[in-house]
S.K.: 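Please read through the structure below; I'll follow up with questions.
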Amino acid sequence: MLKTQTESLREAYGEELKVLGAKYKELVVLDADLSSSTKTAIFGKAYPDRFFNMGIAEQSMVATAAGLALSGKKVFASTFAVFLMRTYEQMRQSVCYNNVDVNFVVTHSGITVGEDGATHQIVEDVGVMSGLPNMKVTVPVDSIETRSVIDFLAEKGRGPNFVRLTREKFPVLNDKDYEFKQGKSRTFKDGSDVTIIGMGIMVSLALEAAEQLKSKGIDARVINMSSIKPIDRDAIIKAARETGHIVTVEEHSIYNGLGSRVAEVASEEYPVPVWRLGMRDTFGKSAKGWELFDYFHMGVDDIVKLTEACFREEQRYENFS
Amino acid sequence: MEQYKEADLKNIATGIRRKIIEMVYSAKSGHPGGSLSIADILAVLYFKEMNIDPLDPINPDRDRLILSKGHASPGLYAALSIRGFFPESLLTGFRKLNSKLEGHVHRGVPGVEASTGSLGQGLGIGVGMALAGKLDSKDYHVFVIVGDGEIEEGSIWEALMAGAKYKLNNLIVILDKNGVQLDGYTKDIMPLGNIKAMVSSFGWNTIEINGHRFDEIISAVEEAKKSTDRPTFIIANTIKGKGVSYMENNPKYHGAPPASQEEYEQALREIGGEE
């Protein structure tokens, strides 16, 4: 399906942590018995004294992370995205209310988890996290952006942060010298007819869709909105002004996710049609991750159809009603 | 550090209790019962056992205290103000607009180490602070006060496992075992079993004391400080609402102030001390 080179985001995370461990003596890492999957084990092997495996006890991990951060440590805490959600209240009270520097870097988000099925395919996490005061939310698009985000958080990150990674390897879209800026998006393809704003793997699919749209005479702009909170309001407003139509694509529920946030900005600042593509109030299911995009009407063809309809201001067809 | 004799501690605890009543009566809300039950413990910790300096409240070598049962904020705020972390006059702002004295313990208040209020989280925070102390080769101790209703939260037991795993001998938990929670008596709401045996089996030192006897609180904390390889869990048997007859062992006063001017004056009269 995807022709470009792919790399693991979680491998990039683990390796970057190890690099940063040498630079920042106050950097500590916690995990909840998933370190070989989240790749924090790479750091743990290099710096066993600063790595804490808290066991299958996420509440303990998050409260302990808060205590370490209150004592001046730079904290990274990891587990699968779905399991961190059980600690919502620890995150709210102990981390966000205390407003301490804890970076939650989660892996295995979204439907690309694949065969493990609905229980493990969380598609609500970005919404849940975005609602927390002080929390900032980032969804890196590839391994290069992942490294840059982790570098940024270790050097300049303040307060609580949530970073959403995945099980699958994703296409490498950025150049080696790319630098992440919190609150800024990156336009991968310019265009004047319609803007597709994507998050995570959906940016790669949107770029393929944009190629197909070109053959239909539609010039689509494609933006990677990796910083969900704070979101790049200027890029959204500019897209609304210049292209008049916005489509959002996300490997997440369309409720409280990227689409909701983009629609909020557009409706407040420059109202244009904002059509959202993503999971529609449903759980995932077991299958190969890539098979699920078509199953849930989130594949390249679906993006093409929806974008064309949005551009032509047609009635939304059945699957997207 | 100043040394306080038992008679001084008694006066201080009385002062804490008076202020608890004044604060919740002024706010017309708050949690007097579980604040009164820990007044003697707070007096010992803040005026005898803890290495703290109100003039240097963020000294990296200081001892830390997390009030995990954050609803007992009147007790903590009273102790901190009497100890000199902030003027006692600010206590009248408790639970009111334009005051930092939030209804539940708030880190914006000088001397407060962590915001708390949702039960079951403070012990995990204490584990993190104790781990940091080890990493930084500091000698400080971390004290965590938990309630007996609070230990119904599973997260407490998660943190107990972690404390034992990392041999946090710099971590001292004090359980305010007053037997009462919001809906009634702990023995009816959720029987806790043999807490001493349970916590011991998790790998902790356990010490059981009368939480209103200064000599017992002091000796238990002194013993805990000598631990070389384990965290310590002090089970302090206390009386909810201690010092005010109509509040003692009465679940009604878990979260309600004196109901009338008469109740208010009776409470202060029974607590004694000076205005």
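Computed from a prediction, not measured in an experiment: that's the story for all the values here. First the proteins, then the strands, lettered A, B, ... as listed; each starts at 1.
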S.K.: Measure A:Glu26 against the heavy atoms of chain B and call it side chain, backbone, both or neither at under 4.5 Å.
M.R.: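 Neither; nothing under 4.5 Å.
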S.K.: Will you find, in the side chains of B:Thr232 and B:Asn205, an N or O donor that is under 3.5 Å from an N or O acceptor?
M.R.: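 The answer is yes; a qualifying pair exists.
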S.K.: Sort by residue number and list every residue of residues 56-72 of chain B having at least one heavy atom under 4.5 Å from chain A.
M.R.: none
S.K.: Just to be sure I understand the criterion: a residue of residues 91-106 of chain A counts if one of its heavy atoms is under 4.5 Å from a heavy atom of chain B. Which ones qualify?
M.R.: A:Gln93, A:Ser94, A:Tyr97, A:Asn98, A:Asn99, A:Val100
S.K.: Will you find, in the side chains of B:Glu152 and B:Gln181, an N or O donor that is under 3.5 Å from an N or O acceptor?
M.R.: yes
S.K.: Side chain from CB out, backbone as N, CA, C, O: work out which of these in B:Lys165 comes under 4.5 Å of a heavy atom of chain A, or both, or neither.
M.R.: side chain
S.K.: Of the backbone (N, CA, C, O) and the side chain (C-beta and beyond), which part of B:Glu102 lies under 4.5 Å from a heavy atom of chain A, both, or neither?
M.R.: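 Only the side chain of B:Glu102 comes within 4.5 Å of chain A.
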S.K.: Measure A:Val28 against the heavy atoms of chain B and call it side chain, backbone, both or neither at under 4.5 Å.
M.R.: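 Side chain of A:Val28 only, per the 4.5 Å heavy-atom cut-off to chain B.
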S.K.: Could you tell me whether A:Tyr47 and A:Phe51 have their ring centroids closer than 6.0 angstrom?
M.R.: no
S.K.: Is it the case that atom NZ in A:Lys73 sees more than 12 heavy atoms from other parts of the structure closer than 6.0 Å?
M.R.: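 Enclosed: over 12 neighbouring heavy atoms sit under 6.0 Å from NZ of A:Lys73.
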S.K.: Given the side-chain rings of B:Tyr166 and A:Phe52, with only the six-membered ring counted for Trp, is the space between their centroids under 6.0 Å?
M.R.: yes
S.K.: Once the angle between the rings of A:Phe80 and A:His108 is folded into 0 to 90°, is it parallel (under 30°), tilted (30 to 60°) or perpendicular (over 60°)?
M.R.: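 A:Phe80 vs A:His108 ring planes: parallel.
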